[in-house]
Every structure is written in C-alpha cells, then in structure tokens.
A.B. asks: 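Got a structure for you, written out below as structure tokens; questions coming shortly.
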Amino acid sequence: MSVSADPHARAFWQQVQEGRIAYSRCCADHCGAPQFPPKARCDVCDGDRLEMRLAAGTGTIFSITVVHRPPSDALRKHAPYGIALVDLDEGFRMMAHADSDLAIGARVRVGFVLFGDRVVPRFVVDQNP
C-alpha cells in the first residue's frame, strides 16, 4: 500500500484501516464547516483551527456508477463494482465503494472491505434507517 506524505491523508487512511471515517470540522467562530478529506485549512473561511472528528458512517447516495473495467489487472476480480458519491449526515460528500445496485437517494451505512491491497470504505443499504 502506498503511503501519502500528507499527514491528514495518512490520518484518514489510518482511521479507515481501523473501521472509521475521519473528517475535519472548522473551529473558527461562526464557521463550523465540515471538511473532507481532512485538511489543515477550512475551505469556507480559510481558518486554520480545525479538529479531527469521526463520522457516524450513515448518509444518502447522491450518485452512483458501476465500474466494469477496473484500472488495473489486480482489481479485475472485483468487477463489476459500484463507486458512489455519498452525502454523509455530518454535512460532507465523499466518494467510496458501494453496492452496485443502490439507487440515488438510498439511505446507506458504511462498512469496510479489503479491495486490492488496502481496506476501503464500502456503503450498503442501511438496515436501521
């Protein structure tokens, strides 16, 4: 597995390996914007006081596509697989693996699966909406 030089990316992937989704929240007065992926500066107010938080892992499918031609031979055994944009309940959108038969607007919950050489987030229908 390749390791990013960005400390926020490393922290995010460490949380994923432990079964959690991390994001940043701006601590500047009157801001509070969620930031994803986690970062050092707020995209909304440019503040530099951010704290790392953990998401509940629930959200709604914004869009989804099915990958039939994986980007490498190593991933061919996983095809076809879904890639979705998910609006997390904490107020940010992330791209992740998902059940390929999900529909836009479906309520989902994150799980974690081995994909290639790393554990990745994968969204499935939330059985407890």
Side-chain angles (χ1 to χ4, degrees):
M1 173 172 60
S2 62
V3 177
S4 173
D6 180 331
H8 296 91
R10 283 197 317 264
F12 169 77
W13 283 108
Q14 181 59 44
Q15 292 294 331
V16 167
Q17 301 311 301
E18 297 172 8
R20 297 183 288 264
I21 301 294
Y23 68 103
S24 299
R25 179 165 295 277
C26 182
C27 298
D29 292 341
H30 308 294
C31 186
Q35 308 290 308
F36 186 83
K39 54 189 72 170
R41 297 201 75 87
C42 177
D43 289 338
V44 175
C45 73
D46 201 34
D48 62 355
R49 293 185 311 136
L50 287 91
E51 64 183 11
M52 185 80 79
R53 291 196 173 182
L54 298 176
T58 54
T60 304
I61 296 289
F62 175 79
S63 71
I64 187 164
T65 190
V66 177
V67 176
H68 293 275
R69 292 184 177 183
S72 71
D73 287 339
L75 301 178
R76 191 173 311 278
K77 67 181 178 186
H78 298 286
Y81 56 89
I83 297 290
L85 291 175
V86 180
D87 290 333
L88 276 287
D89 293 343
E90 288 79 7
F92 63 88
R93 182 174 291 160
M94 70 177 286
M95 181 182 288
H97 290 257
D99 283 351
S100 59
D101 59 349
L102 289 172
I104 292 171
R107 286 290 300 165
V108 290
R109 178 173 298 277
V110 74
F112 297 88
V113 297
L114 184 62
F115 188 82
D117 64 350
R118 71 170 54 182
V119 173
V120 298
R122 183 172 186 272
F123 285 90
V124 299
V125 170
D126 187 357
Q127 299 296 327
N128 302 309

A.B. asks: Rounded to the nearest 0.5 Å, what separation is found between the CG atom of Leu85 and the CZ atom of Arg93?
C.D. replies: 6.5 Å

A.B. asks: I'd like to know whether the aromatic ring centres of Tyr23 and Phe92 sit less than 6.0 Å apart in this structure.
C.D. replies: yes

A.B. asks: Within the distance-only criterion (no hydrogens, no angle test), does the side chain of Ser24 pair as donor or acceptor with the backbone N or O of Lys39 below 3.5 angstrom?
C.D. replies: yes

A.B. asks: Work out which heavy atom in Cys45 is nearest to a heavy atom in Cys31; give both atom names and the distance.
C.D. replies: SG-SG, 3.7 Å

A.B. asks: Heavy atoms only: give me the nearest Phe112-Gly19 pair and the separation to one decimal.
C.D. replies: CE1-O, 3.1 Å

A.B. asks: In Å, rounded to the nearest 0.5 Å, how long is the span from CG of Leu75 to CG of Asp117?
C.D. replies: 8.5 Å

A.B. asks: Mind listing the closest non-hydrogen atom pair of Arg20 and Leu54 along with its distance?
C.D. replies: CD-CD1, 3.4 Å

A.B. asks: Any side-chain heavy atom of Arg118 sitting closer than 4.5 Å to one from Trp13?
C.D. replies: yes

A.B. asks: Does the side chain of Val108 come within less than 4.5 Å of Val124's, by heavy atoms?
C.D. replies: no

A.B. asks: To the nearest 0.5 Å, tell me how far Ile104 CD1 sits from Ile64 CD1.
C.D. replies: 8.5 Å

A.B. asks: Would you compute the distance between atom CD1 of Ile21 and atom OG1 of Thr58 and round it to the nearest 0.5 angstrom?
C.D. replies: 11.0 Å

A.B. asks: Would you mind reporting whether Cys42 and Gln35 have side-chain heavy atoms less than 4.5 Å apart?
C.D. replies: yes

A.B. asks: Indicate yes or no: at least one non-hydrogen side-chain atom of Lys77 is less than 4.5 angstrom from one of Pro70.
C.D. replies: no

A.B. asks: Rounded to the nearest 0.5 Å, what separation is found between the OG atom of Ser63 and the CG atom of Leu102?
C.D. replies: 11.5 Å

A.B. asks: How close do Ala28 and Arg49 get, counting heavy atoms only, and between which atoms?
C.D. replies: CA-NH2, 3.2 Å

A.B. asks: Rounded to the nearest 0.5 Å, what separation is found between the CZ atom of Arg53 and the CZ atom of Arg25?
C.D. replies: 5.0 Å

A.B. asks: What pair of heavy atoms forms the shortest contact from Val16 to Pro121, and how long is it?
C.D. replies: CG1-CD, 3.9 Å

A.B. asks: Treat each ILVMFWY residue as a node, draw an edge where side-chain heavy atoms are under 4.5 Å apart, and state whether Val120 and Met95 are in one component.
C.D. replies: yes

A.B. asks: Heavy atoms, side chains only, cut-off 4.5 Å: are Ile83 and His97 in contact?
C.D. replies: yes

A.B. asks: Quick one: are Val119 and Val113 in side-chain contact, heavy atoms under 4.5 Å?
C.D. replies: no

A.B. asks: Under a 3.5 Å distance rule, please check whether Arg41 uses its side chain to pair with a backbone N or O of Asp46 as donor and acceptor.
C.D. replies: yes

A.B. asks: Is it true that Val110 and Ile61 fall in one hydrophobic cluster, defined by side-chain heavy atoms closer than 4.5 Å?
C.D. replies: yes

A.B. asks: On a heavy-atom basis, which atom in Glu90 and which in Pro34 lie closest, and how many Å separate them?
C.D. replies: O-CG, 3.6 Å

A.B. asks: Answer whether the closest heavy-atom distance between the side chains of Asp99 and Tyr81 falls below 4.5 Å.
C.D. replies: no

A.B. asks: Is the cationic atom of Arg122 (NZ for Lys, CZ for Arg) positioned less than 6.0 Å from the six-membered ring centroid of Phe115 and within 45 degrees of its normal?
C.D. replies: no

A.B. asks: Give a yes or no on this: more than 12 heavy atoms of other residues, nucleotides or ligands lie within 6.0 Å of atom CE of Met52.
C.D. replies: yes

A.B. asks: Quick check: do Pro80 and Val67 have side-chain heavy atoms less than 4.5 Å from each other?
C.D. replies: no

A.B. asks: Run the side-chain hydrogen bond (donor to acceptor under 3.5 Å, both in side chains) check on Thr60 and Arg107 step by step: do they pass?
C.D. replies: CA-CA 5 Å; Thr60 304; Arg107 286 290 300 165; 3.2 Å; yes

